[in-house]
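Any value given below was found using the heavy atoms of this structure, including those in side chains, with hydrogens, waters and symmetry copies removed. Chain naming here is simple, since letters A, B, ... match the order of the sequence lines and numbering starts at 1 in each.
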Amino acid sequence: MSSSEMKRAKRHLETTRKMKDMLPRFFMRTFERRFSNEPLAWCMVGVPPELLKAFDLLWEWPENFGTLCASRLVAPDFIKTAEGDGYSPELCTYVTNTMGYCKRWIEAGEPPEESPMPGGMGNPTMLLGSGFLCEPRYKWFQAIATRFLDVPVYSSDPLAPPWDVDPHDPRIAAHYKDLLREDLHGQVEFLERHTGKKLDLDLLREIMALSHEALAYWRDTLMLRQAVPCPMGSTDYFSAIIPQMYMVGEQDAVDFYREMYHEVKDRVERKVGIVEEEKYRLVWFGLPPWFNLGFFNYLESLGAVVALESTYNVGDWFEVELDDPLEAIVERAWARTVRMHEYGTEAMPELCNPAVFGGFVGSDILKEFVDQFHLDGAVMHLTRSCRAVSFGEVHTRNRLAEFGVPSLIFESDMADPRLWSDAQIKTRVHAFIETLAGRAAKR
Amino acid sequence: MQKLSGLARAAAIASQPEARVKELRRESGKPVIGYLCCFAPPEIISAAGAIPYRITGRPGEPTAEADAYIEPYGCTYVRNVFTQGLKKRLDFLDGLVIPHSCDMIQRLYGIWTYYHPFPYSRLFNVPHQVTPWAERFLKREFIFFQESLEQYTGEKVTEEKLRREIELTNRNRALIRELYRHRLENPPLIKGSEMLSLLLAGGWLPPEDFNGLLTEALAEVEKRTPEGPARPRILVWGSLLDDVAFYRMIEEAGGDVVADDICIGMRLFEKDIDISGDLYDGLKEHYFVNFQCPRTDRGPGLTRFDYLLERAREYNIDGVIAYIISFCDPHKFDYPDLRDYLKEADYPMLLIDDNYSFTPAGTIQTRLEAFTELLGS
Ligand code: SF4
Ligand code: SF4
């Protein structure tokens with residue numbers, strides 16, 4: 001629905017507004033390098049970006065490209081092309097967006113002009129996938145390399161223990177960590193073969209140190225959102241995930257997150273919120289509707305502020321020994337797995353940074369969040385085409401109900417606006433706000 | 001009442017699939033462990049002194065009960081199976097084993113065991129890439145699986161016991177291959193729906209009983225002579241099919257299902273589990289390395305479907321019907337590649353996208369008829 005009034009999102013922080021200058025500068029720099037025929041990887045969240053950086057590789061994130069296409073409203077065009085090729089409308093729209101994009105690109109011999117980035121995504125010499133999170137992610141690169149691009153593929157394959165297996169059992173830990181470690185070494189070997197470079201461990205260590213410094217500021221910023229009134233909202237949150245994806249290991253990224261931290265801290269000290277009167281504090285579950293991030297501003301207009309998001313949440317599992325930087329990546333992934341396990345999720349770990357999602361099976365951490373962030377309710381986005389992230393929301397709603405926290409689950413998609421209806425969603429939101437108001441009145 | 005045997009007995013078992021395991025449970029005191037998909041070897045369950053039972057759904061039954069726990073957007077088969085649990089139809093199970101085959105199945109595990117804790121439950125983790133480290137992981141996972149079962153049943157899984165169980169199921173496999181051989185004939189001596197009803201019974205019976213049933217069926221089939229004119233020969237590829245209704249529809253439409261590439265089909269039986277070396281190596285090869293399910297990444301390129309083409313040629317098929325359940329990612333992702341591959345090889349393909357209910361039956365039937373007609377012309 002391209003006419004949605006929630007299309008335009010307003011950010012509240014100076015720092016995130018400044019990304020408008022910072023990111024294009026970065027993209028121009030990498031864009032120029034594309035013409036030197038350097039190796040370029042299309043890669044997925046789950047591939048450690050620090051590793052890519054250590055190989056001084058150029059890279060693109062087709063998932064993030066999907067979010068860009070979604071926010072510029074060109075995704076439906078690409079998705080329809082993929083559907084015409086036999087891809088079901090039920091499939092992940094990040095995937096079908098890329099499949100349609102590739103089809104047009106290969107057929108025309110040049111990047112489609114609808115592409116939201118000039119020149120589209122660079123021409124890859126390899127695909128680095130990851131089965132972390134979901135199976136569409138390895139089927140995706142398998143399909144691209146089968147249908148459109150004849151380039152080598154490496155898909156990493158991390159697994160995590162299910163919720164009822166104890167990750168603190170040393171045998172279990174070794175079982176899973178061996179898989180993570182051997183898989184990572186497989187990835188390094190693949191990168192060395194296809195870049196012709198040897199991995200420089202000293203460089204990787206430096207990159208990791210910078211990356212973790214940036215992540216620490218990011219984490220601390222998120223913690224500041226426990227404050228009442230909440231100093232930062234979701235429109236800033238979902239924008240601010242980008243620098244760490246592209247500019248990992250760069251001083252610029254550290255500076256960005258440091259600046260953001262100080263800005264948010266200052267707001268907390270001055271008790272500056274993002275709405276005039278903060279009536280309700282919410283937790284957000286699921287992927288955002290990238291084409292309508294203004295949805296969050298709409299909630300804000302009703303006095304409802306999102307103080308915590310379940311997706312792309314960086315957590316605090318990156319404080320690991322960096323002496324052996326490859327082992328540090330393994331330890332980080334494992335620490336994350338164990339932490340996720342405490343959430344009670346059955347998420348698979350990733351070998352890099354953000355992305356936590358719903359499906360809190362049986363843990364107490366949900367209750368801790370409710371208390372620490374003073375949450376009144378939850379809004380959950382049931383994305384039809386991404387079951388990986390949204391499956392488990394009904395269960396999370398049940399768990400939250402045990403603590404007296406009501407939830408709103410609404411259906412749409414992260415990239416395809418065809419499933420969005422302003423009128424319907426507003427009706428649901430209003431009914432939900434009334435529930436929250438009723439509860440507040442009783443207290 | 002006349003005692004049923006062979007194919008008639010197999011068909012009758014479907015009306016009360018759990019009858020035999022319930023009886024065995026009563027007589028032997030052994031626990032019954034339900035499992036889904038094909039990755040956690042039932043042989044290990046038996047070797048630990050428990051009775052494996054393949055959980056199946058009831059296509060077409062409403063699944064509204066599941067809405068209180070899981071999302072509407074999910075594999076309708078998974079929702080259906082979970083509904084069987086919610087309706088207390090699986091209360092005879094002492095345990096539940098769910099392998100990490102696809103996302104949906106894996107996610108179901110946590111939700112199911114949270115709301116309905118079983119005396120024994122296990123998620124059997126399976127990698128998606130076939131790499132040396134994935135294979136090593138899987139072998140360790142076998143051991144953890146075995147230990148957890150031993151702890152629950154109090155019985156040790158010795159090499160001897162495991163070998164005996166594999167020998168029993170290998171005997172099943174040999175008999176099934178014999179039966180499949182009669183599908184090579186034209187027209188086939190055994191119908192697709194009959195074959196599937198036998199295979200389904202195999203998931204509900206202990207292997208000794210299943211061997212008896214297969215032997216009866218084989219004797220029966222061997223007595224048959226080819227009947228009527230040859231009809232279009234069809235291979236069915238796709239998501240899970242654990243009900244004969246769909247094959248019957250194809251038969252009614254004028255086609256014969258003579259080969260398959262689905263969960264409960266040839267991929268489980270076309271080879272024996274190798275017991276000449278390490279038993280876990282044999283299980284790993286059988287249930288993972290050589291197990292052709294699109295949930296495992298076989299790398300890019302259309303040659304990953306070569307095994308299917310070989311099968312199509314061997315069984316002299318005329319066309320392929322793809323049966324895909326809504327929200328089934330592994331199959332939906334493979335569909336366009338497979339369609340192109342088969343086109344190249346000159347095999348027509350029909351896609352039936354279904355929500356595990358075979359409805360609207362009229363529409364599906366008409367499409368099947370049009371397809372068999374096309375193949376026959
Ligand atoms: S997690 Fe969801 S959005 Fe991401 S690739 Fe998987 S299905 Fe798509
Ligand atoms: S039908 Fe597809 S989605 Fe459903 S359980 Fe089987 S493989 Fe998974």
Engineer: Given heavy-atom pairs under 4.5 angstrom as the criterion, report whether the side chain, backbone, both or neither of R171(A) touches chain B.
Structural biologist: both

Engineer: More than 12 heavy atoms of other residues, nucleotides or ligands under 6.0 Å from NZ of K343(B): is that the case?
Structural biologist: no

Engineer: L159(A) and V126(B): which non-hydrogen atoms are nearest, and at how many Å?
Structural biologist: CD1-C, 3.8 Å

Engineer: In terms of heavy-atom proximity below 4.5 Å to chain A, should T303(B) be classed as side chain, backbone, both, or neither?
Structural biologist: neither

Engineer: Quickly, which of D334(B), D337(B), D103(B) forms a salt bridge (charged side-chain N to carboxylate O under 4.0 Å, His left out) with K139(A)? Name it, please.
Structural biologist: D334(B)

Engineer: Among side-chain atoms of R399(A) and Y114(B), is any donor-acceptor pair under 3.5 angstrom?
Structural biologist: yes

Engineer: Run the salt-bridge test on E135(A) and R295(B) with the 4.0 Å N-O cut-off and return the result as yes or no.
Structural biologist: no

Engineer: Would you check, one step at a time, whether the test side chain to side chain donor-acceptor pair (under 3.5 Å) holds for Y73(B) with E90(A)?
Structural biologist: CA-CA 9 Å; Y73(B) 301 146; E90(A) 289 167 2; over 6 Å; no

Engineer: So, Y138(A) and Q129(B): side-chain donor and acceptor under 3.5 Å apart, yes or no?
Structural biologist: no

Engineer: Less than 6.0 angstrom separating the ring centers of F137(B) and Y176(A), yes or no?
Structural biologist: yes

Engineer: Do R140(B) and D178(A) make a side-chain contact, defined as non-hydrogen atoms from C-beta onward lying under 4.5 Å apart?
Structural biologist: yes

Engineer: Measuring heavy-atom distances to chain A, does S148(B) have an atom under 4.5 Å in its side chain, in its backbone, in both, or in neither?
Structural biologist: neither

Engineer: So for D85(A), is it side chain, backbone, both, or neither that comes closer than 4.5 Å to the heavy atoms of chain B?
Structural biologist: both

